[in-house]
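Nothing fancy with the numbering, it's 1 onward along the sequence.
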Amino acid sequence: TPRSVLGQVVSGDRSSAETNQYVFDRHAVLPITNLIADTLTLQIAREFDPSIFVEFEEFVSADKEFELKQEIADLQGKVRSVDQVREDRGLDPVPWGEQPVATIGEQPYDPEGFMDLPDDNPDALGEDDDEEPEEEPRMRSRAFFAPENEWQRQIRREKKFVPAFLKAMRSVFRAQQQLVIAALEAQEEPRARQVDPSELFDPDAWGRLFEIRVEPVRQAAFKSTLLETLTGLGAEEAFVFTKAQQKMLDEQGAQLVKHANRTTRKRIAAQISEATAEGESIGQIAKRIESVFRLRIKQDSRTIARTEVLKASQSAQLEGFETSGVVEQKMWNDNRDPEVRDAHAFANGQIRALGDSFDLAGEAADAPGIGAGGSALSAGNAINCRCFLTPVLEG
């Protein structure tokens, strides 16, 4: 274990102390609190109410360096205004808070200078008045969506939404476990051979768990990415969350419920089948089921969270490209990782019309994580994908 994780690195400056505290809390204390919370949930909470689960108050300090870099990038990229950043910090707005933040290349800074031009002088902006207003926004958008910049935004989305999605998925799996164990213990017969796996599942109740706990995170990731995309294209005024978009997200949620619940039921049924062969008791079956959910909570939920956040963000990208009215083509970008799938490396750099699909060496995809026509991609092309789209902007 690194000494920094154990809090054994001593330094007199404040930044090092804060970093040590963050590393110690995140990597040394948090895993223990998660273990305690899971144990209390599994061994005590369900004795009172199957819907109860135990969690600790958030105590890991924010990654201040990352938040500061995110603020700078958002301000310079015109994604957020000064007043929006101040609002996030709990500060009051200021008179100049809606003015764009200038860079060195934009000096002298005069955000409202064009308002001082005389109304009766149509040539006041110069001879190229008809061309410049069109060219400058397009150049800014190309810079905004440069692959290296979009990749950084992809990382920021993961850091922002994957933890929330992960927490929601774990809460669903814990609640499902409690429901299944309660249904198991209600069985009259004491042996595995009398247990019908189908009687332990309530598909309607499980679907409601996803709807209440998981889907709000998907919607938040979609809206945030959609606004960010439209802002980068200079079309933020076109932002609106439509019923069609909600329907698309509902379909993604339904796909998740179907596949996640099918996997859980399949694993539980396999454990009951093994227990039946061994003639095990209800208590022994309960331990087998707990092991199934332990894997779902500890490992599977993280994979699901990353995969579903990517799907939501890339859906938002496609919506933003179409809504903006300035994008006709899209390009596939892999994450430049040595472990990138061969099929995704094959797709890297492919350019398609917005309504056409990319070729993943035999499988069609509208975007990373999204199959042709919005269908589900195969697990081999969807799980843990970190590819992303960029718009093709001509001119």
Apply the hydrophobic cluster definition, ILVMFWY joined by side-chain contacts under 4.5 Å directly or through others, and give me every member besides M331.
I351, V392

Under the 3.5 angstrom rule, does the side chain of R267 hit a backbone N or O of V292 as a donor-acceptor pair?
no

Quick check: does any side chain N or O of D25 sit under 3.5 Å from a backbone N or O of A28, one acting as donor and the other as acceptor?
no

Flag yes if more than 12 heavy atoms outside E322 fall under 6.0 Å of its CD atom; otherwise flag no.
no

Test your reading of the model: is there a side-chain donor-acceptor pair from S375 to the backbone of A372, 3.5 Å cut-off?
yes

From CG (L389) to CG (D366), nearest 0.5 Å
9.5 Å

Tell me if a side-chain donor or acceptor on T225 pairs with a main-chain N or O of A221 at a distance below 3.5 Å.
yes

Separation of K167 NZ from E55 CD (nearest 0.5 Å):
4.5 Å

Polar side-chain atom of K330 near backbone of L354 as donor-acceptor pair, under 3.5 Å
yes

Under 3.5 Å: donor-acceptor pair, side chain of S224, backbone of A220
no

Residues C387 and Q154: closest non-hydrogen pair is O-NE2, 3.3 Å

How about E339: does its CD atom have over 12 heavy atoms from other parts shown lying under 6.0 Å from it?
no

Output all residues satisfying salt bridge (charged side-chain N to carboxylate O under 4.0 Å, His left out) with R218, sequence neighbours left out; order by chain, then residue number.
E215, E308

Between T41 and V54, is there a donor-acceptor pair closer than 3.5 Å when you use the side chain of the first and the backbone of the second?
yes

Which pair of heavy atoms, one from A345 and one from D334, lies closest together, and at what distance?
CA-OD2, 3.8 Å

When you look at R170 and D300, which way does the salt bridge (charged side-chain N to carboxylate O under 4.0 Å, His left out) test go after all the steps?
CA-CA 9 Å; R170 284 177 171 171; D300 297 349; over 6 Å; no

Is R153 salt-bridged to E150, cutoff N-O under 4.0 Å?
yes

Given 3.5 Å as the limit, does a donor-acceptor pair link the side chain of T33 with the main chain of L30, or not?
yes

Does NZ or CZ of R157 lie under 6.0 Å from the centre of the six-membered ring of F388, at an angle within 45° of the ring axis?
no

Check whether any side-chain heavy atom of I268 lies under 4.5 Å from a side-chain heavy atom of F293, and answer yes or no.
yes

Can you tell me how far CD of E185 sits from CG of L200, rounded to the nearest 0.5 angstrom?
11.0 Å

Any side-chain heavy-atom pair from Q271 and I289 closer than 4.5 angstrom?
no

What distance separates N149 CG from F145 CZ, expressed to the nearest 0.5 Å?
10.0 Å

Contacts of T242 meeting side-chain hydrogen bond (donor to acceptor under 3.5 Å, both in side chains) (sequence neighbours excluded), chain-then-number -> none

Taking it one step at a time, do T264 and R296 satisfy side-chain hydrogen bond (donor to acceptor under 3.5 Å, both in side chains)?
CA-CA 8 Å; T264 300; R296 299 294 269 162; 3.1 Å; yes

Where at least one partner belongs to residues 154-176, residue pairs that pass ring-ring contact (aromatic ring centres under 6.0 Å, His included), sequence neighbours excluded:
none

Yes or no on side-chain contact (heavy atoms from CB on, under 4.5 Å) for H344 and L360, after CA distance, side-chain angles and deciding distance?
CA-CA 6 Å; H344 296 194; L360 301 183; 4.1 Å; yes

Could you list the residues that satisfy salt bridge (charged side-chain N to carboxylate O under 4.0 Å, His left out) with R341, not counting sequence neighbours?
none

Any side-chain donor paired with an acceptor under 3.5 Å for Q329 and D356?
no

Spacing of I383 atom CD1 and T303 atom OG1 [to the nearest 0.5 Å]:
7.0 Å

Same cluster (ILVMFWY, side-chain, under 4.5 Å), V162 and V217
yes

Residues in side-chain hydrogen bond (donor to acceptor under 3.5 Å, both in side chains) contact with E290, at least two apart in sequence or another chain
R46

Is it true that L42 and L184 fall in one hydrophobic cluster, defined by side-chain heavy atoms closer than 4.5 Å?
no

With a 4.5 Å cut-off on side-chain heavy-atom distances among I, L, V, M, F, W and Y, is there a chain of contacts connecting V257 to V180?
yes

Report the residues that fulfil salt bridge (charged side-chain N to carboxylate O under 4.0 Å, His left out) with K287, sequence neighbours left out, ordered by chain and then residue number.
none

What residues form a side-chain hydrogen bond (donor to acceptor under 3.5 Å, both in side chains) with K298, not counting sequence neighbours?
D38

Would you say the side-chain atoms of R265 pair up with the backbone N or O of F201, donor to acceptor, closer than 3.5 Å?
no

Does any N or O in the side chain of N335 come within less than 3.5 Å of the main-chain N or O of W151, such that one atom is a donor and the other an acceptor?
no

Applying side-chain contact (heavy atoms from CB on, under 4.5 Å), run through L179 and L209 and close with a yes or a no.
CA-CA 11 Å; L179 291 170; L209 286 171; 4.2 Å; yes

In terms of side-chain heavy atoms, does Q219 have a donor or acceptor partner in Q246 at a distance below 3.5 Å?
yes

My understanding is that a hydrophobic cluster links ILVMFWY residues whose side chain heavy atoms are under 4.5 Å apart, including indirect links. Using that, what else belongs to the cluster containing I212?
none

side-chain contact (heavy atoms from CB on, under 4.5 Å) between I370 and S315, intermediate numbers included:
CA-CA 8 Å; I370 307 169; S315 297; 3.1 Å; yes

So if you build clusters from Ile, Leu, Val, Met, Phe, Trp, Tyr with side-chain heavy-atom gaps below 4.5 Å, do L227 and V240 land together?
no

State yes or no: do V309 and L166 share one hydrophobic cluster built from I, L, V, M, F, W and Y residues joined by side-chain heavy-atom distances below 4.5 Å, directly or via other members?
no

Show the nearest heavy-atom pair for residues N381 and A343, with the distance to one decimal.
OD1-CB, 3.7 Å

Kindly write out the residues that satisfy salt bridge (charged side-chain N to carboxylate O under 4.0 Å, His left out) with E274, not counting sequence neighbours, or none if the list is empty.
R288

If you compare all heavy atoms of F210 against all heavy atoms of A260, which two are closest, and at what distance to 0.1 Å?
CZ-CB, 4.0 Å

Under the side-chain hydrogen bond (donor to acceptor under 3.5 Å, both in side chains) test, residues paired with T229 that sit two or more places apart:
Q317

Which residue pairs satisfy the ring-ring contact (aromatic ring centres under 6.0 Å, His included) criterion with at least one member in residues 348-377, sequence neighbours excluded?
W332-F358

Scanning both residues in full, the closest heavy-atom pair of R213 with A175 reads NH1-CB, 3.8 Å

Locate the shortest heavy-atom distance separating G369 from K311; write the atom from each residue and the value.
O-CE, 3.4 Å

Polar side chain donor-acceptor pair, Q176 to R174, under 3.5 angstrom:
no

side-chain contact (heavy atoms from CB on, under 4.5 Å) for Q152 and R156? Distances and angles first, verdict last.
CA-CA 6 Å; Q152 292 303 314; R156 291 198 295 271; 4.0 Å; yes

For the atom pair CD (E328) and CZ (F321), what is the distance rounded to the nearest 0.5 Å?
13.5 Å

